[in-house]
Amino acid sequence: MNKALLPEHFINFITPCLPSHLNLQDFIDYCAKPLRKSIRVNTLKVSTEDFVEKATQQGWRLTPIPWCKDGFWLQRPDEQEQQIQLGNTLSHLTGEFYIQEASSMLPPVALLYKQTDTLDLACLDVAAAPGSKTTQLAALMNNQGVIVANEFSSSRVKVLSANIQRCSVTNTALTHMDGRMFIHLKEQFGAILLDAPCSGEGTVRKDVDSMKNWTEQSVHDIASVQRDLIDAAFHALKPNGVMIYSTCTLNQIENQQVCLWLKEKYGDAVEFESLADLFAGAENSTTTEGFLHVWPQIYDSEGFFVARIRKKASVDHQLENPFTKLGQFPFKPLSKKNSQQLQSFLASQFGMNDFPLAACSQRETKKALEVWYFPPKLEALKGKVKFARVGIKLAELAKHGFKLEHNLAINFAQLAKQQTQELSAHQCQAYWQGKDIDGDFNKLNKGEVIVCYQGQALGFAKKLPDRLKNQLPRELVRDNLDFSDQYNQ
Ligand code: SAM
């Protein structure tokens with residue numbers, strides 16, 4: 001037991017919050033235990049059944065997480081643990097899974113577990129980076145509807161964007177602003193996740209230093225931000241919409257009290273919906289209000305708090321909307337001519353006869369005409385909020401034809417009926433290292449090829465007479481990685 005992880009003044013502060021069926025010593029003991037490793041299968045890339053079969057063949061032991069059908073606690077053989085970090089495995093690099101703490105899978109499940117149809121759902125993720133829950137929401141929505149994923153910190157927006165790309169998420173637009181600004185976006189979203197910035201008292205098992213600088217004052221300071229954020233999110237929620245408020249902290253000031261503050265402010269317009277039926281065993285962490293208050297010893301996980309709030313009625317606010325002068329969205333619908341040209345190119349090169357060109361737009365730059373894909377359901381939000389990163393760049397149309405972007409292969413390879421090349425493990429390693437690929441590729445036509453490994457698209461290559469020329473973007477090249485332990489051919 002390492003009691004030093006939890007400062008004495010924190011233990012004194014948190015002790016009265018412990019529910020009567022839990023005891024303090026267990027809490028202290030569990031906080032000192034290393035966290036079990038867990039992953040969530042990205043069903044946008046691979047079915048959970050296929051992933052489990054493949055992982056089991058590699059010697060991975062997967063234990064289902066009761067609240068997330070695609071989530072598993074994971075144990076890998078010792079030699080694999082020593083040879084390669086989980087995040088550097090091919091399966092992770094190709095987006096087949098997300099390394100995500102088990103209790104952090106609760107909020108997206110709690111948001112969508114009664115939502116049978118997500119086709120037209122507009123969802124907001126107020127504090128989204130690094131993107132574990134945005135990518136989970138996108139998978140639960142099967143890339144349908146639209147998710148606006150917001151993050152305040154610029155460096156974290158980049159990580160969020162990279163994770164969205166790695167996981168082949170196509171229904172998401174990124175905004176980069178203080179989440180409090182959503183107060184001006186009245187009643188735009190049917191579902192909202194507010195996974196709020198917090199004091200992180202539940203994360204000590206992952207990061208032993210996380211409680212080093214903890215003070216009671218910092219709890220009060222962050223609770224004030226959380227009240228502003230939940231107020232803003234509530235305004236952005238449509239009447240009858242659902243919001244999840246979650247944190248990875250344990251005190252009531254940042255959890256129950258923030259939710260009760262909202263209820264006090266808006267009365268009957270705020271309804272707490274019980275999560276006691278979310279999964280078998282949920283009753284062990286359910287509070288009297290129906291919130292989940294997950295202490296580390298209940299499910300041998302990180303600490304977490306999850307509240308489900310339904311907006312029963314519209315609430316008024318009189319604020320000037322700063323988003324009224326956003327300027328023009330810098331894209332136009334794809335012209336008929338360009339659409340036909342791209343369609344015939346994709347059909348003849350890859351047999352992609354049903355590419356979603358209706359969802360594509362164009363933009364002229366000095367260099368070329370760019371073609372982008374936008375989530376179709378984004379339309380209703382255009383001109384209402386300032387997007388930081390939105391859409392997926394697919395191609396540039398220059399004098400000599402189309403120059404295809406990496407993202408087209410990653411996100412739309414499943415539409416290709418020809419001109420795809422499955423690589424051997426050695427060729428796959430060469431591709432990730434940025435090298436050209438030698439081999440017999442005579443069956444391929446000339447021009448772009450989608451290269452794949454175990455059915456997952458890695459990106460484009462160009463067929464030359466004697467080899468495939470590597471087209472992996474420089475920033476994705478991993479020349480120092482050794483995948484040899486993952487070779488099975
Ligand atoms: N939902 C994320 C996930 O599952 O990967 C984790 C979110 S983390 C708990 C909270 C995030 O809120 C941090 O990335 C932090 O930078 C961001 N944040 C802090 N203040 C914010 C604000 N005022 N508005 C929006 N985001 C904020």
Side-chain angles (χ1 to χ4, degrees), residues 38-40 42 67-68 70-71 87 97-112 123-140 147-167 169 172 174-185 189 191-204 206-207 210 218-219 221-236 243-251 254-255 258 294 301-307 322 385-389:
S38 53
I39 59 170
R40 177 178 50 77
N42 176 20
W67 47 87
C68 179
D70 309 311
F97 67 90
Y98 199 108
I99 303 168
Q100 184 174 357
E101 208 286 311
S103 49
S104 137
M105 298 173 197
L106 280 165
V109 175
L111 184 59
L112 296 180
C123 185
L124 169 66
D125 187 351
V126 181
S132 61
K133 299 182 193 70
T134 311
T135 53
Q136 187 180 355
L137 286 170
L140 288 169
I147 302 174
V148 172
N150 178 64
E151 172 55 47
F152 198 17
S153 142
S154 336
S155 57
R156 288 172 69 90
V157 170
K158 289 187 193 125
V159 184
L160 173 64
S161 175
N163 276 326
I164 283 174
Q165 185 177 334
R166 182 178 62 83
C167 293
V169 168
T172 298
L174 303 195
T175 55
H176 169 30
M177 59 188 182
D178 189 329
R180 288 177 267 213
M181 294 292 279
F182 284 104
I183 198 160
H184 302 291
L185 225 61
F189 301 95
I192 296 185
L193 172 62
L194 171 54
D195 188 38
C198 69
S199 60
E201 294 158 359
T203 63
V204 69
K206 185 168 64 193
D207 173 9
S210 68
S218 63
V219 167
D221 292 346
I222 195 111
S224 150
V225 176
Q226 291 160 342
R227 286 193 292 272
D228 287 350
L229 286 171
I230 203 172
D231 197 7
F234 194 66
H235 277 92
M243 162 160 74
I244 294 294
Y245 175 78
S246 59
T247 73
C248 56
T249 207
L250 295 168
N251 70 75
E254 296 178 65
N255 291 328
V258 171
V294 176
S301 67
E302 272 193 343
F304 234 87
F305 175 84
V306 190
V385 63
K386 189 169 185 294
F387 292 110
R389 293 177 188 218

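The model shown is predicted, which means the values in this text are computed figures rather than measured ones. Along the sequence shown, the residues carry numbers beginning at 1. Each ligand, and each atom within it, is numbered from 1 in the order the structure gives.
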Closest protein heavy atom to [atom], given as residue, atom name and distance to 0.1 Å:
| atom | value |
| --- | --- |
| atom 12 (O) of ligand 1 | Ala127 CB, 3.2 Å |
| atom 3 (C) of ligand 1 | Ser132 OG, 3.3 Å |
| atom 8 (S) of ligand 1 | Ala129 O, 4.0 Å |
| atom 20 (N) of ligand 1 | Pro197 CG, 3.6 Å |
| atom 22 (C) of ligand 1 | Phe152 CD2, 3.5 Å |
| atom 23 (N) of ligand 1 | Asp178 OD1, 2.9 Å |

Counting both backbone and side chain atoms, is some N or O of [X] under 3.5 Å from an N or O of ligand 1?
| X | result |
| --- | --- |
| Val225 | no |
| Asp195 | yes |
| Ser153 | no |
| Asn150 | no |
| Lys133 | yes |
| Arg180 | no |
| Gly131 | yes |
| Gly179 | yes |
| Glu151 | yes |

*Scan side-chain atoms only and decide if Ser199 and Thr249 contain a donor-acceptor pair under the 3.5 Å cut-off.*
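Yes, a side-chain donor-acceptor pair sits under 3.5 Å.
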
*Nearest 0.5 Å please: distance from the CZ atom of Arg389 over to the OG1 atom of Thr175.*
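Spacing of CZ (Arg389) from OG1 (Thr175) equals 12.0 Å.
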
*Which value, rounded to the nearest 0.5 Å, describes the distance between Glu254 atom CD and Cys198 atom SG?*
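Taking CD in Glu254 and SG in Cys198, the distance rounds to 6.0 Å.
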
Answer yes or no: is there a side-chain heavy-atom contact under 4.5 Å between [X] and [Y]?
| X | Y | value |
| --- | --- | --- |
| Gln100 | Ser38 | no |
| Val169 | Thr134 | no |
| Phe305 | Thr247 | yes |
| Phe304 | Asp195 | yes |
| Ile164 | Leu174 | yes |
| Val148 | Phe387 | yes |
| Leu106 | Ser246 | no |
| Val219 | Glu201 | yes |

*From Thr135, Asn42, Asn163, residue fulfilling side chain to side chain donor-acceptor pair (under 3.5 Å) relative to Tyr98*: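 Result: among Thr135, Asn42, Asn163, Asn163 is the only option passing the side chain to side chain donor-acceptor pair (under 3.5 Å) with Tyr98.
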
*With heavy atoms under 4.0 Å as the rule, classify the contact between Ser104 and ligand 1 as side chain, backbone, both or neither.*
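It is neither; nothing of Ser104 touches ligand 1.
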
*Measure Val126 to ligand 1 on non-hydrogen atoms and call it side chain, backbone, both or neither using the 4.0 Å cut-off.*
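The answer is the backbone of Val126.
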
*asked:* Check Lys206 with Glu101, please: is the shortest side-chain N to carboxylate O separation under 4.0 Å?
replied: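 So Glu101 does not pair with Lys206 through a salt bridge.
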
*For ligand 1, which atoms, with element, lie under 4.0 Å from some heavy atom of Ala196?*
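Those atoms are 9 (C).
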
*Counting each atom of ligand 1 from 1 as listed, which ones have a heavy atom of Arg156 under 4.0 Å away?*
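Checking each atom against Arg156, I get 13 (C), 14 (O), 16 (O).
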
*Below 4.0 Å from any atom of ligand 1, is there a heavy atom belonging to Ala128?*
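Checking ligand 1 against Ala128, which is what was asked, there is a heavy-atom contact under 4.0 Å.
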
_Cys248 to ligand 1, any heavy atom closer than 4.0 Å_ =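 It does not, in that no heavy atom of Cys248 comes within the 4.0 Å cut-off of ligand 1.
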
